[in-house]
A.B. asks: 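There's a structure below that I have some questions on.
Sequence positions, counted from 1, serve as the residue numbers for this chain.
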Amino acid sequence: MSMAEIGERLYLRRRVKNALAMTLAFAAAVFGLFWLAWILWTTISKGVAAMNLDLFTMMTPPPDARGGLLNAFFGSAVISLLGIALGTPVGIAAGTWLAEYAHHRRLGQVIRFVNDILLSAPSIVLGLFVYTIVVLPSGGFSALAGAIALAFIALPVIVRTTDEMLRLVPAQMREAALSLGVPQWKVTLQVLMRSARPGIVTGVLLALARISGETAPLLFTAYSNQFWSTDLTGPMANVPMVVFQYAMSPYESWNALAWAGAFMVAIFVLLLSTLARAVLLRKKVMHE
């Protein structure tokens, strides 16, 4: 057998393997997208059918009565925004320290490893942790405990994003600023943070999108409330818990509110994800 025939046979074998791999990858993608499209279509079709003005003007109702999710929307906004407010400063500070002061240290590698573990940790575990250290000592569920649980979920996302965005800033910017005699802290705040700001904002938005639909942590911390409440030290209504409770009920009116709440959460997450993409796109256009 000549070398040309051997080469042709090897080339044919590689083409067959490549075609097989591409076919399997395409089939896997279609399989995943099929279920995603089915879930989205079910949520949209059932959620839109349950949309009405009462949803935004009335409180969560008793069984077989008119009502809406006004108190749940308010509670979710309060708990999620408070969770982001608690997690963002700590996450940005930790990510900045990892990128600028612990980049080549063993301690920095250990902290990054622990942060990656928290990034993939089940949210129910974090909810149980906050239940142990906050809810039990305080003697009851509270919106503040729910915000702390959500902050623990958002924290590793913000830390990872801040760390990666700052490490992507060109080293020449650091060297140029330091060569002018600018202190390290001022270089970090006025040069590096300004350059990485769109990416950091994107990380915060993605963290907010992630925690906005979390149910398990709130089950052990904020729980829920049938009425309007602004007390952060007591249980507070929120959309994920209302969806969780109403979806399992035997009442059609509650089931409809559950689908409407799920639809609103999906729309909110979609809008936040789109906004995050727009922020990153703006950064790319500015650099180009």
A.B. asks: Restricting to side-chain hydrogen bond (donor to acceptor under 3.5 Å, both in side chains), what partner residues turn up for R112, sequence neighbours left out?
C.D. replies: D163
A.B. asks: To the nearest 0.5 Å, what is the distance between CE (M236) and OG1 (T230)?
C.D. replies: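 Answer for the CE-OG1 pair, M236 versus T230, is 6.5 Å.
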A.B. asks: Which side-chain N or O atoms in residues 18-36 pair as donor and acceptor under 3.5 Å with protein atoms at least two apart or in another chain?
C.D. replies:
{"residue": "T23", "atom": "OG1", "partner": "A19", "partner atom": "O", "Å": "2.7"}

A.B. asks: Checking E100 now: which residues fulfil side-chain hydrogen bond (donor to acceptor under 3.5 Å, both in side chains) with it, not counting sequence neighbours?
C.D. replies: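 Checked E100 against side-chain hydrogen bond (donor to acceptor under 3.5 Å, both in side chains); matches are R174.
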A.B. asks: Which pairs count as side-chain hydrogen bond (donor to acceptor under 3.5 Å, both in side chains) when at least one residue sits in residues 128-146, sequence neighbours excluded?
C.D. replies: none
A.B. asks: Going by the salt bridge (Lys or Arg N to Asp or Glu O under 4.0 Å) test, which pairs reach into residues 219-241, not counting sequence neighbours?
C.D. replies: none
A.B. asks: Only counting residues at least two apart or in another chain, list the ones meeting salt bridge (Lys or Arg N to Asp or Glu O under 4.0 Å) with R105.
C.D. replies: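 With neighbours one apart ignored, the set is empty.
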A.B. asks: Apply side-chain contact (heavy atoms from CB on, under 4.5 Å) to L70 and list each qualifying residue two or more places apart in sequence or on a separate chain.
C.D. replies: M59, W228
A.B. asks: Does anything in residues 181-206 form a ring pair (Phe, Tyr, Trp, His ring centres under 6.0 Å)? List the pairs, not counting sequence neighbours.
C.D. replies: none
A.B. asks: Which residues satisfy the salt bridge (Lys or Arg N to Asp or Glu O under 4.0 Å) test with E164, sequence neighbours excluded?
C.D. replies: R160, R167
A.B. asks: Please, which pairs that meet side-chain hydrogen bond (donor to acceptor under 3.5 Å, both in side chains) have at least one residue in residues 47-76, sequence neighbours excluded?
C.D. replies: D54-R66, T60-N71
A.B. asks: If you look only at distance, which donor and acceptor atoms sit under 3.5 Å apart when one is on a side chain in residues 255-269 and the other is two or more places apart or in another chain?
C.D. replies:
{"residue": "N255", "atom": "ND2", "partner": "Y246", "partner atom": "O", "Å": "2.9"}
{"residue": "N255", "atom": "ND2", "partner": "S249", "partner atom": "O", "Å": "3.2"}

A.B. asks: Tell me the side-chain hydrogen bond (donor to acceptor under 3.5 Å, both in side chains) pairs involving residues 207-223, sequence neighbours left out?
C.D. replies: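 Applying side-chain hydrogen bond (donor to acceptor under 3.5 Å, both in side chains) to every pair that reaches into residues 207-223, excluding sequence neighbours, yields S123-E214.
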A.B. asks: Going through the checks in order, is the side-chain contact (heavy atoms from CB on, under 4.5 Å) test met by L155 and L118?
C.D. replies: CA-CA 9 Å; L155 182 62; L118 288 175; 5.8 Å; no
